[in-house]
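What follows is a short report on a single structure.
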Amino acid sequence: MNASTILDHLVAHATAAPDAPLFTFPAEDDRAPIPFARAAELIGRLATVLTADGVAPGDRVVAQVPTGVESVLLCLATQWAGAVFVPLNPALGTDETRLLVDDADPTVSVIGADALAALVEAARGHDGASAGVDPGRPARRGPDDPAAIIYTSGTTGRPKGAIVTHGNLVSNAETLAETWGFTRDDVTVHALPTFHAHGLFVAVNTAVVAGSSLHLLGRFDADRVIDALDGPGTVLMGVPTFYGRLLASDRFTRQVADGVRLFISGSAPLTEKVFGEFEARTGHRILERYGMSETEMIASNPLHGERVAGSVGFPLGGVQVRIRRDDDPSLGLAEVDEPGGIEVRGPNVFPGYWQMPERRTTDFTDDGWFRTGDLGTLDHEGRLRIVGRAKDLIISGGENVYPAEIEGVLDQLPGVSESAVIGMPDDDFGELGLAVVVADPAAPEPDPATLLAALGDRLAHFKVPRVCVVADELPRNAMGKVTKAVLQQRYTDEWVRVRADR
């Protein structure tokens with residue numbers, strides 16, 4: 001169908017197959033399935049409440065709410081009203097949240113479970129008669145209109161809110177549904193956060209486009225995921241941490257996986273060790289894909305064909321990828337298998353950052369390609385590999401952790417002269433942080449445990465490094481830049497020892 005928004009697909013399925021389940025739940029949750037027609041009704045009613053509260057097309061609605069079906073319905077209701085959904089991680093601290101809310105400048109903010117529950121309760125009795133939105137029909141929005149703003153940075157410096165358009169979402173979801181072979185018979189086991197693009201857009205929108213079902217678990221629990229895979233589930237979308245934890249369970253057997261047609265991994269690199277062990281245990285090769293908030297999905301290993309460990313596959317249909325030598329425009333494009341900066345162009349690519357038009361000149365090339373900040377290679381077949389991250393990002397359990405943000409907090413703590421935070425390998429989370437601090441010579445030497453505790457009071461828990469060490473100095477190159485690769489080599493033995501002691 002010729003859809004302008006994800007809601008066009010939802011309404012079409014609600015009309016053609018009103019009783020087909022969109023959301024289902026584990027038996028122990030004691031919740032009835034929500035079919036497409038009922039979902040559309042709930043979304044329309046929520047949209048009327050938002051509109052009655054002053055939300056108009058183009059306005060922002062901030063939501064810092066728990067993962068669950070209600071948060072998904074709120075996202076779709078915001079878009080139904082023609083507004084822009086701004087999800088925030090509930091784990092963020094008060095100061096972090098305030099900074100992002102101030103930047104988004106929302107008409108309505110839904111903060112916390114109680115606020116969400118009150119909104120849903122109000123929608124039950126709201127018929128929309130006095131509101132400026134039709135509860136039976138979404139506001140008309142075009143492909144270039146913004147649908148969401150996804151924040152991709154922390155409190156260090158000005159926040160960056162990636163504007164995601166309806167065209168970005170529709171084109172990507174339609175492509176993914178086709179690429180991954182989704183049908184109405186599929187049931188996606190959903191245990192991802194719904195405040196991230198992965199769980200909110202990739203998983204949900206692909207199912208909506210296909211007219212298939214989402215089996216919502218709310219959070220990852222190995223036993224609940226195994227139960228779902230052994231029951232209705234045909235697809236699992238997860239992060240590498242999911243697969244490592246499934247392999248750690250004796251209950252996760254080849255028999256459990258027999259009824260599943262596809263295991264998908266993203267948001268962080270999947271290790272070749274987990275890839276191989278998973279295939280040996282289940283007979284399935286995990287399908288790894290690559291994307292980011294600014295671009296939705298960029299590349300994927302094939303549904304039919306060779307899935308190569310350590311590769312994120314081929315660019316999706318309509319998406320172009322090229323490698324810039326050393327991430328330097330003056331050096332031209334890289335050769336086959338030569339690493340460089342990954343640049344991408346296509347209908348999936350966002351138009352820019354919220355209220356930051358000046359970044360168009362730094363984040364996009366003159367000919368319109370987005371500089372991802374990641375480093376990769378393309379082989380002779382066009383298969384993409386990610387070899388590093390130019391932006392020094394740590395991805396821990398699917399969460400983006402920015403070292404500069406943590407360093408900015410560390411450097412303000414008593415006894416710290418300067419600091420550096422690096423990512424270290426972890427079999428469960430993929431990466432975890434290690435903080436290296438240089439003591440202030442004019443103050444008593446800081447205690448590492450005290451520093452980590454202080455970070456825990458100021459930052460979301462997933463950002464706090466697991467290990468802190470005190471060093472005499474930080475290694476630097478000739479330009480004075482801290483060489484984090486040297487730190488990773490220097491502290492490998494310390495990392496292994498500390499992790500083994502825990």
Side-chain angles (χ1 to χ4, degrees), residues 20-36 39 66-73 173 176-177 179-268 270 274-275 278-279 281-289 291 297 300-301 303 397-398:
L22 174 55
F23 302 111
T24 64
F25 309 92
E28 60 267 28
D29 287 4
D30 196 27
R31 298 188 68 165
I34 301 177
F36 271 86
T67 287
V69 65
E70 290 83 5
S71 62
V72 176
L73 294 174
L176 292 177
T179 300
W180 293 338
F182 270 74
T183 71
R184 291 187 176 184
D185 295 328
D186 274 311
V187 178
T188 298
V189 177
H190 191 303
L192 294 161
T194 50
F195 47 81
H196 281 179
H198 190 175
L200 185 60
F201 297 143
V202 180
V204 172
N205 290 351
T206 303
V208 169
V209 165
S212 59
S213 299
L214 290 154
H215 190 69
L216 296 178
L217 301 184
R219 61 182 177 83
F220 180 84
D221 175 270
D223 286 329
R224 282 163 63 94
V225 169
I226 290 168
D227 290 341
L229 295 175
D230 200 24
T234 65
V235 176
L236 175 64
M237 287 193 194
V239 297
T241 302
F242 284 15
Y243 295 105
R245 292 183 179 179
L246 287 175
L247 289 171
S249 172
D250 293 337
R251 293 188 59 219
F252 186 62
T253 63
R254 183 177 289 256
Q255 183 178 2
V256 167
D258 276 348
V260 183
R261 72 171 185 87
L262 187 59
F263 293 93
I264 303 170
S265 182
S267 295
L270 182 72
V274 169
F275 184 91
F278 195 89
E279 182 179 14
R281 174 86 65 91
T282 68
H284 284 271
R285 287 196 153 200
I286 298 170
L287 185 151
E288 191 169 9
R289 59 42 166 201
M297 295 303 99
S300 170
N301 272 276
L303 180 64

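Note that these values count all heavy atoms, side chains included, but never hydrogens, waters or copies made by symmetry.
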Study note, to complete from the structure: dist Ser265:OG -> Ile286:CD1 (nearest 0.5 Å) comes out at 6.0 Å
Check your understanding: Which one of Leu216, Val72, Val208 satisfies the side-chain contact (heavy atoms from CB on, under 4.5 Å) criterion with Leu22?
Key -> Val208
**Study point:** Pairs where residues 190-215 contributes a residue and the test salt bridge (charged side-chain N to carboxylate O under 4.0 Å, His left out) is met, not counting sequence neighbours
**Key:** none
Practice item. Mark yes or no for whether Thr188, through its side chain, and His190, through its backbone, hold a donor-acceptor pair below 3.5 Å. Key: no
**Study point:** Qualifying side chain to side chain donor-acceptor pair (under 3.5 Å) pairs with a residue from residues 227-238, counting only residues at least two apart or across chains
**Key:** Asp186-Thr234, Asp227-Arg251
**Study point:** Candidate pair Val209 and Phe182, rule side chain to side chain contact (heavy atoms under 4.5 Å, CB included), full reasoning
**Key:** CA-CA 9 Å; Val209 165; Phe182 270 74; over 6 Å; no
Exercise for review: State whether the side chain of Arg285 and the backbone N or O of Phe263 hold a donor-acceptor pair below 3.5 Å, judged by distance alone.
Suggested key: no
Point to revise | Nearest non-hydrogen partners of Val202 and Met297, listed with the distance | key: CG2-CE, 3.7 Å
Exercise for review: Output the distance between atom CG (Asp258) and atom OG1 (Thr253), rounded to the nearest 0.5 Å.
Suggested key: 7.5 Å
Revision key, fill the gap. Residue pairs meeting salt bridge (charged side-chain N to carboxylate O under 4.0 Å, His left out), one or both in residues 191-206, sequence neighbours left out, come to none
Review point. Is there a donor-acceptor contact under 3.5 Å from the side chain of Glu288 to the main chain of Leu270?
Key: yes
Review point. Looking only at heavy atoms, what is the nearest atom pair of Gly199 and Ala203, with distance?
Key: O-CB, 3.8 Å
Exercise for review: Scan for salt bridge (charged side-chain N to carboxylate O under 4.0 Å, His left out) pairs involving residues 231-242, sequence neighbours excluded, and state none if there are none.
Suggested key: none
Check your understanding: Take atom CD in Glu28; do more than 12 heavy atoms of anything else shown fall under 6.0 Å from it?
Key -> yes
Review point. So do the side chains of Thr67 and Phe195 get within less than 4.5 Å of each other, counting heavy atoms only?
Key: yes
**Study point:** Qualifying side chain to side chain donor-acceptor pair (under 3.5 Å) pairs, either residue in residues 197-214, two or more places apart
**Key:** His198-Ser267, His198-Arg289
Revision key, fill the gap. Applying ring-ring contact (aromatic ring centres under 6.0 Å, His included) to Phe36 and not counting sequence neighbours gives His13
Exercise for review: For Ser71, check side-chain hydrogen bond (donor to acceptor under 3.5 Å, both in side chains) against everything at least two apart and list the hits.
Suggested key: Thr194
Check your understanding: Mind checking what makes ring-ring contact (aromatic ring centres under 6.0 Å, His included) contact with His196, not counting sequence neighbours?
Key -> none
Check your understanding: What is the minimum heavy-atom distance between Leu246 and Ala222, and which atoms define it?
Key -> CD2-O, 4.1 Å
Check your understanding: For Asp29, which residues count as a side-chain contact (heavy atoms from CB on, under 4.5 Å) partner, sequence neighbours excluded?
Key -> Phe25, Pro26, Arg31, Arg224
Check your understanding: Partners of Arg219 by side-chain contact (heavy atoms from CB on, under 4.5 Å), sequence neighbours excluded?
Key -> Asp221
Exercise for review: For atom CG of Asp223, decide whether the heavy atoms of other residues, nucleotides or ligands shown that lie under 6.0 angstrom number more than 12.
Suggested key: yes
When the side chains of residues 235-244 are checked against the rest of the protein, which donor-acceptor pairs come out under 3.5 Å, sequence neighbours left out?
| unit_1 | atom_1 | unit_2 | atom_2 | d |
| --- | --- | --- | --- | --- |
| Thr241 | OG1 | Asp428 | O | 2.8 |
| Tyr243 | OH | Leu236 | O | 3.3 |
| Tyr243 | OH | Ile264 | N | 3.2 |
| Tyr243 | OH | Ile264 | O | 2.6 |

**Study point:** For Thr282, side-chain contact (heavy atoms from CB on, under 4.5 Å) partners two or more places apart
**Key:** Phe252, Ala257, Phe278, His284
Study note, to complete from the structure: Minimal heavy-atom distance between Leu287 and Ser300, with the atoms involved, is CD2-OG, 3.2 Å
Exercise for review: Measure the spacing between CG of Leu303 and OG1 of Thr179 and express it to the nearest 0.5 Å.
Suggested key: 8.5 Å
Practice item. Would you indicate whether the side-chain heavy atoms of Leu214 and Thr24 approach each other to under 4.5 Å? Key: no
